[in-house]
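Worksheet: one structure, shown below.
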Number of protein chains: 2
Amino acid sequence: MAGQKVQRQTGVALWRQIADRIRTSINHGDFDESGMVPPETTLALQFGVNRHTIRSALAALAQEGIVRAVQGRGTLIERKERLSFPISKRTRFSQGIGDQVRETRSVLLATSDETASAEVARYLKIKTGTPLVRLETLGQADHRPVSRATSWFPADRFGNIAEIYRSTGSITKAFRELGVPDYVRVVTEITATHADESDLADLQLSPGAIVLITQALNTDLDNVPVQYSISRFAADRVRFTIEN
Amino acid sequence: MAGQKVQRQTGVALWRQIADRIRTSINHGDFDESGMVPPETTLALQFGVNRHTIRSALAALAQEGIVRAVQGRGTLIERKERLSFPISKRTRFSQGIGDQVRETRSVLLATSDETASAEVARYLKIKTGTPLVRLETLGQADHRPVSRATSWFPADRFGNIAEIYRSTGSITKAFRELGVPDYVRVVTEITATHADESDLADLQLSPGAIVLITQALNTDLDNVPVQYSISRFAADRVRFTIEN
DNA sequence: CTTAAATGTCTATTGATATAGACAACTATA
DNA sequence: TATAGTTGTCTATATCAATAGACATTTAAG
C-alpha cells in the first residue's frame, strides 16, 4: 500500500476520500494480521497529507463503528464488511449471503397498487396500464441495511402478495403460497450512480456514496414474468459475483 | 422534482452533490422535452442553495461535456449515453456493444512480464511466482474511452500474446493464433468505487466520477484458466447486462 | 425597439477544510 | 521506571466552499 494519491479540489474532502480508501483496505483484509490500522503518522505519510486530515478520516470511520482509537495503543478494527452477492438463475437475497452473516432480514417499507408504466410493462411483457402491486423492501444483514428494492408484480396473480410477504419476510415463500413453486432470474442489468436522498436515508450512507443498481426480471418456470425489480445496494458493502 | 435536500458538512461539497443529481436526472430523461436544464434560479430554489453553488455544479457538468451554457438562452444538454455490456459465458468487448456504436477499438497501453502475485495466482490456479504476461488495454467506442483493463496470461502458453494483440487488436484472435480456439467466462465479480488518478486520465473522467470494476476469469474449453483480468468502466457510460 | 428572462462577472463575508507545529496523555515493553 | 510509540488537544494560518448582492451581457419574444 505505497504512494497513495488523493485528489484535491474535486468537491470531495480529502478526509472523506481517505476514509473511503481505508474502509476499502479494511474490507480487503489488508490489516488482518495486526487487527489495527497503521499509525496516523504512517498514514499521513502514505497519503501525503497532514496528520490532522488522517484524524478526520479515522474519526468518520469511528463514527461508522468500523474502527476504535485507543490512546497509546493505536486504532483497532472493529468491523469489516463487504458481502458477496451471487447473481445467477436462482438469485435470492437471503440464500446468497446467508453463509456470510449471522442474520439476514427483509423488511417491508411500503406497498401500493399501481398500473404499469411503459418501462415496467416492457419488462413484464404486459400492456401499459395493467394493474400491478408494488413492494418497497429493505434488505438487512446483521441489522445493517444492505439493499433497498422496488418490485412490481402483476396484480391478477399476486394481488395480496404484500400481506404474505409482510408475515413471512420472503418473496420465495410468498410466491410459493401463490402457486409459483419456483422462479428464475432471466436478466439482470447493473449500473452504478451516486446515492440519492432516499438511499442516504434507507441505506444509512453519506453523500457522495456509491450505489450499485440492479434491474432484474424473474419468471416462473413457464417463462411468464412474475416480478420486475429495481434494487439499490450500498456499493461499499457488497460485491456481485456472476458464475457462468 | 420538488424539494430536494442536500446534506451539509459531510465532506462532499454541495456543488458536487448537486452536479451528481442533475447528471442522474439528465440520464433519466427528466429534461428531454425541453432539452435543457432548468434555469439556475429555479434550481437554486429547488435545492435550497445559492445560485452560485448551482453555477459551480453546472460548470462541473459542462467540464464533463454533459451540458453547455448559452448566455441569454439557458443550459443545453449535450450528451446522455450509457452503453449496455452483456456479461455471459461468451463475454467479449467488441461483440457485446458492436450493435450500439459505429466503431469499437481496443488499444494496447502497456505490457510487461511479471510473476504471479498471491491474488492472481489464486484465480489462475497456479503457484505464486509463476511467470505471466500482463497487458494494459483501453477499450473505446466511437473514439470515446469506455474501459481500461489489466489482464494476466500464463507466460508458458501465451508468452508473445502482446505482439499478436498489438497487431490484431483482439484477444479472441490472439488466443486463436496461440492454440485456444475458444474460451469462456467462468466468473465475474463486480464492484464500484470512485475513480482514481489513472482512471481520470485514461477514461477521460472528472474527479468524483464512478468506475465499475469487474474481475473476471476466462478458461479454455478444458477448464484451464487462460486469462485473469481487472477492468474499470466509466460508470456513467455503461450498464452491465447478465442474461441467464 | 423594448422588455423579460436567462447566463456571466465582480466584490465581500462567513464557515468548512487542510496544513503546521507543539505538547499532553496514555500504553506497552525493555 | 524509563522510554519509544501512539493517540489527544491546542493554537495559528491559508485555501476552498457557500452565501449575498449588484449589475452586465446575451437571447428570444412581444
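Chain naming here is simple, since letters A, B, ... match the order of the sequence lines and numbering starts at 1 in each. Both backbone and side-chain heavy atoms feed into the values below; hydrogens, waters and symmetry mates do not.
OP1 or OP2 of dT7(C) lies within a sub-4.0 Å distance of a side-chain N or O belonging to T75(B). Within the structure, every side-chain polar atom (N or O) of R55(B) is placed at least 4.0 Å from both OP1 and OP2 of dT7(C). At dA28(C), one or more side-chain N or O atoms of R73(A) fall inside 4.0 Å of OP1 or OP2 (strictly under the cut-off). Contact check, T53(A) against dT17(C): no side-chain N or O comes under 4.0 Å of OP1 or OP2.
No donor-acceptor distance shorter than 3.5 angstrom exists from the side chain of T137(A) to the backbone of L108(A), with no hydrogens or angles considered. At least one donor-acceptor pair closer than 3.5 Å links the side chain of Q17(B) to the backbone N or O of V12(B).
Regarding Q17(A), its CD atom lies at a distance of 13 Å from the P atom of dT17(C), rounded to whole Å. The CG-C1' distance, from L43(B) to dT7(C), rounds to 13 Å in whole Å. One can place CG of N50(A) at 17 Å from P of dA12(D), the figure rounded to the nearest angstrom. Remark: P of dA5(C) and CE of M36(B) are 14 Å apart, rounded to the nearest angstrom. Between the CD1 atom of I54(B) and the C1' atom of dG21(D) there is a distance of 17 Å, given to the nearest Å. The distance from atom CG of L14(B) to atom P of dA20(D) is 12 Å, rounded to the nearest whole Å. Spacing between atom CZ of R16(A) and atom P of dA16(C) amounts to 16 Å, rounded to whole angstrom units.
For CD of Q63(A), the number of neighbouring non-hydrogen atoms (other residues, nucleotides, ligands) closer than 6.0 Å is 12 at most.
Counting non-hydrogen atoms under 4.0 angstrom, T41(A) reaches nothing in the nucleic acid.
You'll find that the side chain of Q71(A) is closest to dC26(C), out of dG21(C), dC26(C), dG8(C). Comparing dA18(D), dT17(C), dG8(D) by their nearest atom to the side chain of W15(A) picks out dT17(C). Which of dT19(D), dT7(D), dA18(C) sits closest to the side chain of A69(A) comes down to dT7(D). Here the side chain of A13(A) is nearest to one of dT19(D), dT7(D), dT17(C), namely dT17(C). Distances from the side chain of H52(A) to the nucleotides dA20(C), dT7(D), dG8(C) place dA20(C) closest.
S112(B) and R134(B) form a side-chain donor-acceptor contact under 3.5 Å, judged by distance and modelled atom types alone.
For F240(B) and F240(A), the ring centers are positioned 6.0 Å apart or more.
When each of S56(A) and R51(A) is assigned the nucleotide of DNA chain C with its nearest heavy atom, S56(A) is the one assigned upstream, toward the 5' end.
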